[in-house]
Amino acid sequence: MQKPSRPALLQAMVDAFHLPDLRRRILFTLGLLVIFRFVAHVPLPGVDVGALQDLFSRNVLLGMLDLFSGGAMRNLSIAAMGVYPYITSSIVMQLMVPVIPRLQAIAQEGESGRQRINLITHWLTVPLAILQGYGQLVLLSRADVDGQRIISGVGLSGPNLVPTVAMVMSLAAGTMFLVWLGELITRLGIGNGISIIIFGGIVSGLPSMIGSSLLARENLLGLFVFVALGLATVAFIVMFTEAHRRIPVQFSRSLVRGGRVYKQGGSTHIPIRINSAGMIPLIFAMSIMILPGTLASYFQGGSGFVSGIANFVFNFFDASGWIYWVMYFLLVVGFAFFYTMIIFQQQNLGETLQRQGGFIPGIRPGKPTMEYLNRVITRITWGGALFLGTVAILPF
């Protein structure tokens with residue numbers, strides 16, 4: 001009697017642990033994720049954690065930020081900013097490379113150039129983390145819960161200088177530590193380490209969210225629908241992430257060796273992904289949508305013109321309203337086109353093909369090739385942009 005076979009996914013997991021090198025990489029990645037979760041629960045000194053958690057439970061926008069930090073912001077731990085300053089630095093560098101000639105020359109130096117760009121990105125992360133950390137502390141210090149201050153003594157003068165510098169440096173150090181963990185995962189573990197750190201922070205809050213919202217209400221049908229939608233979303237994301245358009249390319253080159261001419265040729269293809277921008281448009285759009293409401297929340301509760309404007313902005317950017325999600329969808333679609341075009345222009349595929357003796361059948365080399373590729377990338381980016389926009393509004 002033939003033994004029933006396991007499902008393909010389960011069998012792949014079992015086979016992975018049978019390979020020593022892959023098993024070591026998986027366990028190494030899980031170990032670093034455990035360290036990340038420990039760090040996410042180390043709070044900064046001088047913070048009223050109870051009042052801070054009460055504020056996050058009342059504010060929908062802050063609660064969404066806390067979800068992306070894996071609960072680190074709710075505790076205001078040293079990992080409260082996550083790796084987002086590094087992501088911001090990476091985005092800034094990608095936008096600056098085609099603009100600044102010196103950076104463009106460095107990027108064209110091959111592997112050594114990429115390493116130098118990566119080093120500059122790391123150095124830029126430090127001041128960005130310091131600025132973001134200080135701004136976060138100032139905003140939280142102005143908030144109060146039932147007359148109780150969350151953070152006291154934030155400032156750059158007098159007796160507040162040393163405690164403030166200590167907290168800001170702790171936040172910046174926490175960010176750089178997580179970036180280091182992410183690079184260790186990339187080099188010695190599995191997958192992209194920065195993405196896995198972000199993923200680990202987000203999914204860490206799922207058990208408590210499911211327990212407090214679905215299981216506590218004994219809503220088993222809702223739990224089943226939630227799991228089914230989650231699996232369908234994952235399959236949907238994988239399908240669009242792997243989908244690409246293949247552009248056929250032929251090579252024809254003459255080589256002269258020993259006074260004789262040799263004709264060489266071949267064919268291949270250029271895979272252009274439907275979702276070339278990845279998840280960067282989501283991060284761009286989320287930052288823009290959350291910032292106004294978060295800033296406005298600190299000017300509510302008073303009287304006068306400023307308070308009225310703050311109440312209007314906070315209600316307009318309320319994450320429970322359909323206006324918020326429509327704007328979020330449109331921003332994601334727009335940023336998907338913007339970021340894709342920036343990355344595509346940096347690759348300069350038309351000149352690269354012409355320099356290597358390649359051409360697209362039926363298309364003249366040089367400028368016509370670039371125009372053809374621009375048309376193709378524009379058309380297929382519509383699919384990737386609408387896909388990202390749909391993923392963005394799925395919570396609504």
Side-chain angles (χ1 to χ4, degrees), residues 28-49 52-53 56 62 65-93 115-143 150-189 192-202 204-205 283 287 294:
F28 181 81
T29 302
L30 293 177
L32 292 190
L33 287 177
V34 170
I35 294 175
F36 159 56
R37 294 311 304 158
F38 274 116
V39 172
H41 289 83
V42 179
L44 291 174
V47 178
D48 189 334
V49 178
L52 183 64
Q53 292 179 350
F56 272 80
L62 292 179
L65 282 174
D66 181 61
L67 174 64
F68 282 91
S69 68
M73 286 192 66
R74 184 180 294 267
N75 301 321
L76 199 57
S77 75
I78 61 176
M81 296 188 299
V83 294
Y84 292 103
Y86 175 77
I87 294 176
T88 303
S89 176
S90 301
I91 294 172
V92 169
M93 288 300 299
Q115 291 179 0
R116 291 180 63 186
I117 293 293
N118 189 35
L119 180 61
I120 297 174
T121 303
H122 281 75
W123 281 110
L124 182 60
T125 303
V126 177
L128 288 177
I130 292 175
L131 291 175
Q132 183 176 336
Y134 179 71
Q136 192 176 92
L137 291 176
V138 170
L139 289 176
L140 290 176
S141 67
R142 294 176 180 175
I150 297 174
I151 306 175
S152 58
V154 176
L156 297 178
S157 61
N160 298 329
L161 176 61
V162 175
T164 301
V165 170
M167 287 189 288
V168 171
M169 290 297 104
S170 297
L171 288 172
T175 293
M176 299 309 297
F177 179 72
L178 294 186
V179 171
W180 179 63
L181 289 183
E183 293 187 341
L184 283 179
I185 292 175
T186 302
R187 189 168 68 252
L188 303 175
N192 183 286
I194 300 297
S195 300
I196 290 177
I197 290 291
I198 298 175
F199 172 77
I202 294 175
S204 65
I283 298 174
S287 301
T294 303

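As a basis for the values below, the full set of heavy atoms in this structure was taken, side chains included, without hydrogen atoms, waters or symmetry mates. Keep in mind that this is a model prediction, so the values were computed, not measured. The first residue of the sequence shown is numbered 1, and numbering continues consecutively from there.
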Trainee: Excluding sequence neighbours, so at least two apart, what forms ring-ring contact (aromatic ring centres under 6.0 Å, His included) with Phe177?
Mentor: Trp180

Trainee: Counting C-beta onward and ignoring hydrogens, is there a side-chain heavy-atom pair between Leu178 and Tyr86 closer than 4.5 Å?
Mentor: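 They are not in side-chain contact.
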
Trainee: Please report the closest heavy-atom contact between Gly189 and Thr29, naming both atoms and the distance.
Mentor: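 That would be CA-OG1, 3.3 Å.
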
Trainee: Can you tell me how far apart CD1 (Ile78) and CG (Leu171) are? Round to the nearest 0.5 Å.
Mentor: 8.5 Å

Trainee: Taking C-beta and beyond as the side chain, do Ile87 and Ile198 meet within less than 4.5 Å on heavy atoms?
Mentor: yes

Trainee: To check you understand the geometry: which heavy-atom pair defines the closest contact between Ala79 and Ala40, and what is its length?
Mentor: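 That would be CB-CA, 4.2 Å.
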
Trainee: CD1/Ile197 to OH/Tyr84 distance, rounded to the nearest 0.5 angstrom?
Mentor: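 Taking CD1 in Ile197 and OH in Tyr84, the distance rounds to 11.0 Å.
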
Trainee: Would you mind reporting whether Leu32 and Ile35 have side-chain heavy atoms less than 4.5 Å apart?
Mentor: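 With C-beta onward as the side chain, the pair touches.
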
Trainee: In a table with atom names and distances, give each donor-acceptor pair under 3.5 Å that connects a side chain of residues 117-127 to protein atoms at least two apart or in another chain.
Mentor:
| residue | atom | partner | partner atom | Å |
| --- | --- | --- | --- | --- |
| Asn118 | OD1 | His122 | ND1 | 3.4 |
| Thr121 | OG1 | Ile117 | O | 2.8 |
| His122 | ND1 | Asn118 | O | 2.7 |
| His122 | NE2 | Glu183 | OE2 | 2.3 |
| Thr125 | OG1 | Thr121 | O | 2.8 |

Trainee: For the residue pair Leu128 and Gln132, establish whether any side-chain heavy-atom pair is separated by less than 4.5 Å.
Mentor: no

Trainee: Rounded to the nearest 0.5 Å, how far apart are CZ of Phe36 and NE2 of His41?
Mentor: 9.5 Å

Trainee: Under the 3.5 angstrom rule, does the side chain of Thr175 hit a backbone N or O of Val83 as a donor-acceptor pair?
Mentor: no

